[in-house]
Each structure stands twice: as C-alpha cells, then as structure tokens.
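A short worksheet on the structure shown next.
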Amino acid sequence: MPTPLAAALLPLPASPALHFPRPRPGPSWRARPAVVRAAALRALPRRLELCPPCLAAVESNPAPPPLAPPPPDEASAGSGLDARAGGGGGGGDGGGGADLGWLRAFPHVFTASMANFLFGYHIGVMNGPIEDIATQLGFQGNPFLQGLVGKLCYSAQADSLDEMLLGRFLVGIGIGVNTVLVPIYISEVAPTKYRGTLGTLCQIGTCLGIIAALSLGIPSESDPHWWRTMLYAACVPGILIVAGMQFAVESPRWLAKVGRFDDARKVVESLWEPSEVEKSMEEIKAVVLNDDSRGSWSDLLVEPHNRVALIGGSLFFLQQFAGINGVLYFSSLTFRDVGISSGALASLYVGITNFGGALVASNLMDKQGRKKLLIGSYLGMAFAMFLIVYGISFPLDEGVAHSLSIAGTLLYIFTFAIGAGPVTGIIIPELSSARTRSKVMGFSFTVHWICNFLVGLFFLELVHKFGVGAVYAGFGGVSLLTALFAYNFIVETKGRSLEEIEMSMSSATPGKQE
C-alpha cells in the first residue's frame, strides 16, 4: 500500500511554496471583482512566507516609499487581517475580558456534533456485550461474524443474525453520511476566528460517545441481556439530533450558492461579529459569482482540486496506517498485563485519555494552528510507539516493561487526540473550494473507511506473524512519515476565511481559466 502512495506523491513539488506564485497582472487580473483582487493580495505575504526564494527576491528589491498613507479604514482592515493570521488568532478580545464570540454559533455546531457522539457510541457499544449477542443470536465461536457485527456498525429488537446485520448496516450508512456532512457544516457555519476550536467538537463528541457506551456497558459483564438496553439507549441522541437540527441555521455558503443571499446575510449577522459581516458577505458573493457552476467528480482531476483531494486522501491513509485502530484494539490486552482484566474498564481509561487530548486540542487549534498540531501529534505518536517497542523487545524487568507499554499506549492515544484525530477532519474542508468541498470530503472519507476496515481485518494476523514489536515499529515509522508529509505539504489555514483560502489557491493555479 505505501508504494502507490509514494508514486502518487512524486509529481508534487518538494515545497508547497511552488503552488503559490504571485498573481499574474494583466487585463484578466484587473477584470476580477475588487474583493477577489484584495483577498489575493492579502494572501500574498503568506505565500511569500512559504517561498524563501520569492521572499529573498522581494527583500533584495525593496519597494519605493508610498506616495501617500493608506486611508484609515484600509489600514485598520489590513491590521485586522494580520492579527488574525498571526499567532494570536484564537486568543481573547484584547481587552482582558473573556472572549465569548463563539457562543452564538455554539448551539448550532453542538447540535451537529451530536452526530459524532452517536458515532462514538456505536464504536463502543459492541465492545463489551459482543459475546452475549453472539450467544443469544447463535453465532458464538465465529470470530469473523463477530467482527462483521462490530464493524458494520438499531438492533435492540434483533432476534437473528440477519436482523442484527441489517440494523448495524443501516446505522453504518447513517454514520458514514454524518462523518462527511458534520465537518463540512461546522466549517461553513463557524466564524473564522473560532472555526478550529468549534471544529474539535467532532472529536470531542466521538470521545464522549465512546465513554458513554463503555460506561453504560459495564453492567453487561453480569447481565447477558443488557446489550438490548444499550442499543435502545442509542435512540435518544438520534431523536435529539433530528429535533435539534430543525432549529439549526443553514450554511450561509450553501444559501449563497443557491442564490439566497438575503438568507445568507441573516445567518452571517446572527453568528458573526458585526465588524465581520460585510467583509464575509463580500467574500462569499465574490466566490459564488466567480464560479457559479456545480461541482462534479471530474473536478477532482484538475488543479487545484486534485491537490486538495490528494492531501485529504493521503492524510486519512496515513492516519489509519499509523495504527490508531490497532492500538485501540490491542489496548485491552495491554491493560490486562498489569491486572486490569475488565475490557470495558480498560477501554474506558483509553476513552478518557482520548477525551483529555481532544480538550487540549480545542484550546490550541486556533492558537497554535493546524499544521503545528498535526506535526507535533505524529511525532508524539511515533515516540509512543517506539517506547512500547522498547518495553517489549528489550530484556527489562516485567513490571518496567508493562509500565512502558501502558505509558506508551496512553501517550499515543493522547497525542493522536491533539492533532491527528481532529486536525485531519478540520483542515480538509478548509482547503477545499465551495464547489468541490463535498466531493473532496466524500473521497477522503472513502479512503478513511477502506483503510480502517483493512487495518481492523489484518491487524491480528500481522501481530501473529511478525509480533507486536514489529507491527508497532511499523506504526511508528508511518507516524514519522506523516509528520514529514505534513511539514512539506500542509498549508496553515488558521485565521483565514474559507473564501480567502479558496481565492488564494485558485489565483495560484497555473493556466487557470479567467
């Protein structure tokens, strides 16, 4: 599998700076709407920052002094953008008080993120009672069917294997749709300043869902029929989502795309800071007017959409083969080595660690930025894997070896939740254009689920053939490779509106039709 990925990456340049040349002057440039030209020029310093040769050329040929100072409103607007693009984009309001600008968007984002809570719940709901379900439905002793029931992901009334598989299949379809829709919705509804923080609610919701399922599943160890209660309980968040989304706002980007600009403005006015409304609406209109065609799957084959699709698919490919699901699967056995025999309790410890990392990510996402968190996360995951390999492969005291395994497992989960988990789902819709955002997300998550299934299917077989140490060393190697990939190919999106990102990437596309 790594070989096709490497081959796919060969045509790409070694530095993302080469994707961002300066806008080409001429009639086609002047013919663009003023807001498009302004946004592209505002993005130029960031592109020069990514291109050391370009920056050196600018520094060696300094511009002459301006003939007149800029108007006050333009100067203030420029400084505001610089502040958002800098390191303090996610900080307070500058006056020492609490920044509560995110509260207006929070109810809508929170309602959507409940779909991720349901996703997490169905991940954890089969952890404990799968043996009881297998016994009562007549497929005990068949690990393939047990794994199929767990992987297909509301089967509380099932009286046969067929009914259980059908119920889990329907749940899986709903979850698959939501994993694509929820990140898109949050990215398009959340104000720019808080988009990263609010985007982490997807990961937090998944963590809380897993914790809820594992906590509720503890009685299943003594009650063989408890699994039906657990599956009935899954109806509650589903009903709440259906009811809550009736009151949630529609995406202003979608409203503008279908020509409902007045409705889009009402949504923006209800969620954005008053000072951001006009600027946001101008950028949204400019993007819609500049490209009013409907996206198609063939768009993913041309620039700049193919580059974003390749980044999205690669991030999910590398995320899964960095071993997150294998580590989660094997964590119960790791905890059993130190005397924690309850699989549900061991998984609960892992879920709490995952939740803690997601909370840290929500605090850092709009301060440190996506790229830093992604690189740091994978470096931490690599260190954790090599720590476990050291504990397994070298002659150490048994207690020390077990302690290293536990520490490495928890560190791996924590560092995954800081960046590799939430950033991957946040940055892909941010880099995508309004025209192809749904297509890019659909492609990326298709790669995610295929790789997820393959890792879950072959993990134990690889462990039996090569040993835990060798497999975990492979996970560590992929983690290092992903950190290198992020360093070279990921562009920072913190503090930039979706329209600004889209226009800067489109204006940098060679040979783009004007």
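Computation of the quantities below employed the complete heavy-atom set of this structure, encompassing side-chain atoms and omitting hydrogens, waters and symmetry-equivalent molecules.
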Could you tell me the separation between the [atom1] atom of [X] and the [atom2] atom of [Y], rounded to the nearest 0.5 Å?
{"X": "L198", "Y": "H108", "atom1": "CG", "atom2": "NE2", "answer": "11.0 Å"}
{"X": "I427", "Y": "L374", "atom1": "CD1", "atom2": "CG", "answer": "7.0 Å"}
{"X": "L240", "Y": "F117", "atom1": "CG", "atom2": "CZ", "answer": "9.5 Å"}
{"X": "T192", "Y": "I501", "atom1": "OG1", "atom2": "CD1", "answer": "8.0 Å"}
{"X": "I426", "Y": "I186", "atom1": "CD1", "atom2": "CD1", "answer": "8.0 Å"}
{"X": "K257", "Y": "S251", "atom1": "NZ", "atom2": "OG", "answer": "10.0 Å"}

May I have the list of side-chain donor-acceptor pairs in residues 171-180 shorter than 3.5 Å, sequence neighbours left out?
| residue | atom | partner | partner atom | Å |
| --- | --- | --- | --- | --- |
| N178 | ND2 | G174 | O | 3.4 |
| T179 | OG1 | I175 | O | 3.4 |
| T179 | OG1 | G176 | O | 2.7 |

Verdict with reasoning, L379 to S479, per side chain to side chain contact (heavy atoms under 4.5 Å, CB included): CA-CA 7 Å; L379 290 178; S479 297; over 6 Å; no
Answer yes or no: is there a donor N or O on one side and an acceptor on the other, between the side chain of [X] and the main chain of [Y], under 3.5 Å?
{"X": "N488", "Y": "L484", "result": "yes"}
{"X": "S187", "Y": "I184", "result": "yes"}
{"X": "D366", "Y": "T197", "result": "yes"}

Side-chain contact, heavy-atom cut-off 4.5 Å: [X] with [Y]?
{"X": "I210", "Y": "F355", "result": "no"}
{"X": "M365", "Y": "P422", "result": "yes"}
{"X": "F485", "Y": "Y378", "result": "no"}
{"X": "L387", "Y": "Y412", "result": "no"}
{"X": "F261", "Y": "V288", "result": "yes"}
{"X": "V109", "Y": "W102", "result": "no"}
{"X": "T436", "Y": "S433", "result": "yes"}
{"X": "F445", "Y": "I450", "result": "no"}

Polar side chain donor-acceptor pair, E283 to S497, under 3.5 angstrom: yes
Residue pairs passing the salt bridge (charged side-chain N to carboxylate O under 4.0 Å, His left out) test where at least one lies in residues 437-455, sequence neighbours excluded: E188-R437
Nearest atoms (heavy-atom pairs only) where [X] meets [Y]:
{"X": "P183", "Y": "G425", "answer": "CB-O, 3.6 Å"}
{"X": "A384", "Y": "G408", "answer": "CB-O, 3.3 Å"}
{"X": "T200", "Y": "S362", "answer": "OG1-CB, 3.1 Å"}
{"X": "Q319", "Y": "A420", "answer": "NE2-O, 3.0 Å"}
{"X": "A322", "Y": "V478", "answer": "N-CG1, 3.7 Å"}
{"X": "S280", "Y": "V268", "answer": "CB-CG1, 4.3 Å"}

Ion pair E499/R253, N-O distance below 4.0 Å: yes
Charged N-O contact under 4.0 Å between D299 and R435: yes
Test log, rule salt bridge (Lys or Arg N to Asp or Glu O under 4.0 Å), inputs E250 and R260: CA-CA 11 Å; E250 186 56 83; R260 296 166 58 182; over 6 Å; no
Over 12 non-hydrogen atoms of neighbours within 6.0 angstrom of CZ in F110: no
F383 atom CZ, neighbour heavy-atom count above 12 within 6.0 Å: no
Working for side chain to side chain contact (heavy atoms under 4.5 Å, CB included), residues R104 and W272: CA-CA 8 Å; R104 286 179 289 183; W272 265 248; 5.8 Å; no
Check against side chain to side chain contact (heavy atoms under 4.5 Å, CB included), I413 and I324: CA-CA 8 Å; I413 299 297; I324 179 61; 4.0 Å; yes
Ring geometry between F119 and W449 (parallel below 30°, tilted from 30 to 60°, perpendicular above 60°): perpendicular
Whether F321 and F317 hold their rings parallel, tilted or perpendicular, with breakpoints at 30° and 60°: tilted
Derivation of the side chain to side chain contact (heavy atoms under 4.5 Å, CB included) call for V277 and R265: CA-CA 8 Å; V277 172; R265 171 177 284 275; 3.8 Å; yes
Member of R195, K494, K371, R496 meeting the salt bridge (Lys or Arg N to Asp or Glu O under 4.0 Å) criterion with E430: R195
